Amino acid sequence: PSSSTCNEGDDGPWNKVVSAIAQGEAEAGGCLTREVCTRWYKCPEMLFGAVDYTESVDLWATGCVIAELLSPEGKPLFPGGSDLEQLCIIFQALGTPRVEEWPEVQSLPDYSKVEFRPRDPQPLAFEGQQQ
């Protein structure tokens, strides 16, 4: 992919991974799945059934991993036991989605199947801690 930071002709492990991903994308013909990662690192749009997504799902997962690394206990940020519990845990921390801020949320396949009580974002455990 053009976003790769690997050097042309490099046979290193990252270049092999990037090549395998690109080959898999080409073979899939643009057909995507919602079964792409561990639940604890899935973004809300995937938990709501999206199968048309971008690299933003990777950014969400990366943020979850970084938050886990920064956590004083080294625990996952959103350790849900089911997709529904996962959404609840995310919304308890980050607040429920607001249509004014994320209008596309209404078009996600499973969005209207359950209603969440409106919540405001809460500070994360490691926010505001002094070093």
Side-chain angles (χ1 to χ4, degrees):
S2 60
S3 62
S4 168
T5 57
C6 300
N7 297 323
E8 288 290 328
D10 182 7
D11 250 355
W14 287 114
N15 206 21
K16 291 177 183 175
V17 169
V18 170
S19 296
I21 291 170
Q23 180 178 354
E25 289 173 354
E27 290 172 0
C31 181
L32 303 174
T33 177
R34 56 194 276 186
E35 306 303 325
V36 296
C37 68
T38 303
R39 177 182 297 117
W40 294 350
Y41 310 114
K42 277 189 182 179
C43 58
E45 54 262 45
M46 293 194 69
L47 293 165
F48 279 128
V51 292
D52 182 21
Y53 48 84
T54 66
E55 63 275 348
S56 65
V57 300
D58 298 323
L59 293 174
W60 174 274
T62 301
C64 290
V65 170
I66 290 171
E68 187 172 335
L69 293 170
L70 293 175
S71 165
E73 299 85 26
K75 293 184 178 178
L77 186 59
F78 306 121
S82 68
D83 286 359
L84 183 57
E85 183 183 20
Q86 186 71 21
L87 284 167
C88 290
I89 292 171
I90 291 170
F91 297 158
Q92 285 172 359
L94 303 180
T96 50
R98 290 172 173 71
V99 175
E100 307 83 46
E101 297 170 358
W102 186 20
E104 301 84 4
V105 73
Q106 292 181 307
S107 64
L108 296 172
D110 298 335
Y111 176 73
S112 62
K113 291 183 179 178
V114 64
E115 188 173 331
F116 295 92
R117 185 182 65 175
R119 296 185 69 104
D120 290 326
Q122 302 298 311
L124 299 174
F126 55 85
E127 289 181 342
Q129 292 183 350
Q130 295 183 358
Q131 299 291 333

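Predicted model, so just to flag it, every value in this text is computed and none were measured.
Residues Q86 and P44 have side chains not in contact (no heavy-atom distance under 4.5 Å, counting atoms from C-beta outward). With contacts defined as side-chain heavy-atom distances shorter than 4.5 Å, the pair F48/L87 qualifies. Side-chain atoms of C64 and F78, non-hydrogen and from C-beta on, do get closer than 4.5 Å to each other. No side-chain heavy atom of T96 sits less than 4.5 Å from a side-chain heavy atom of R117. Contact annotation: the side chain of L47 approaches that of K42 to within less than 4.5 Å [non-hydrogen atoms, C-beta and beyond]. Contact of the K75 side chain with the E68 side chain is not registered, since no non-hydrogen atoms from C-beta on lie closer than 4.5 Å. By the 4.5 Å heavy-atom criterion applied to side chains, W60 and I90 are counted as neighbours.
In terms of heavy-atom proximity, A50 sits nearest to P109 at N-CD, 4.0 Å.
Taking hydrophobic clusters as Ile, Leu, Val, Met, Phe, Trp and Tyr residues chained together by side-chain heavy-atom distances below 4.5 Å, L77 shares a cluster with L84. No continuous path of hydrophobic side-chain contacts links Y41 to L59 [ILVMFWY only; heavy atoms under 4.5 Å].
Within 6.0 Å of CZ in R98 there are more than 12 heavy atoms belonging to other residues, nucleotides or ligands.
The closest donor-acceptor contact from the side chain of R39 to the backbone of G81 lies under 3.5 Å. No donor-acceptor pair closer than 3.5 Å links the side chain of T38 to the backbone N or O of W40. A donor-acceptor pair under 3.5 Å is formed between the side chain of T62 and the backbone N or O of D58.
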Kindly determine whether Q122 and Q92 satisfy side chain to side chain contact (heavy atoms under 4.5 Å, CB included), including the steps that lead there.
-> CA-CA 7 Å; Q122 302 298 311; Q92 285 172 359; over 6 Å; no
Residues S112, Q106; criterion side chain to side chain contact (heavy atoms under 4.5 Å, CB included); working and verdict | CA-CA 7 Å; S112 62; Q106 292 181 307; over 6 Å; no
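A distance of 9.5 Å separates OG in S107 from CG in D52, rounded to the nearest 0.5 Å.
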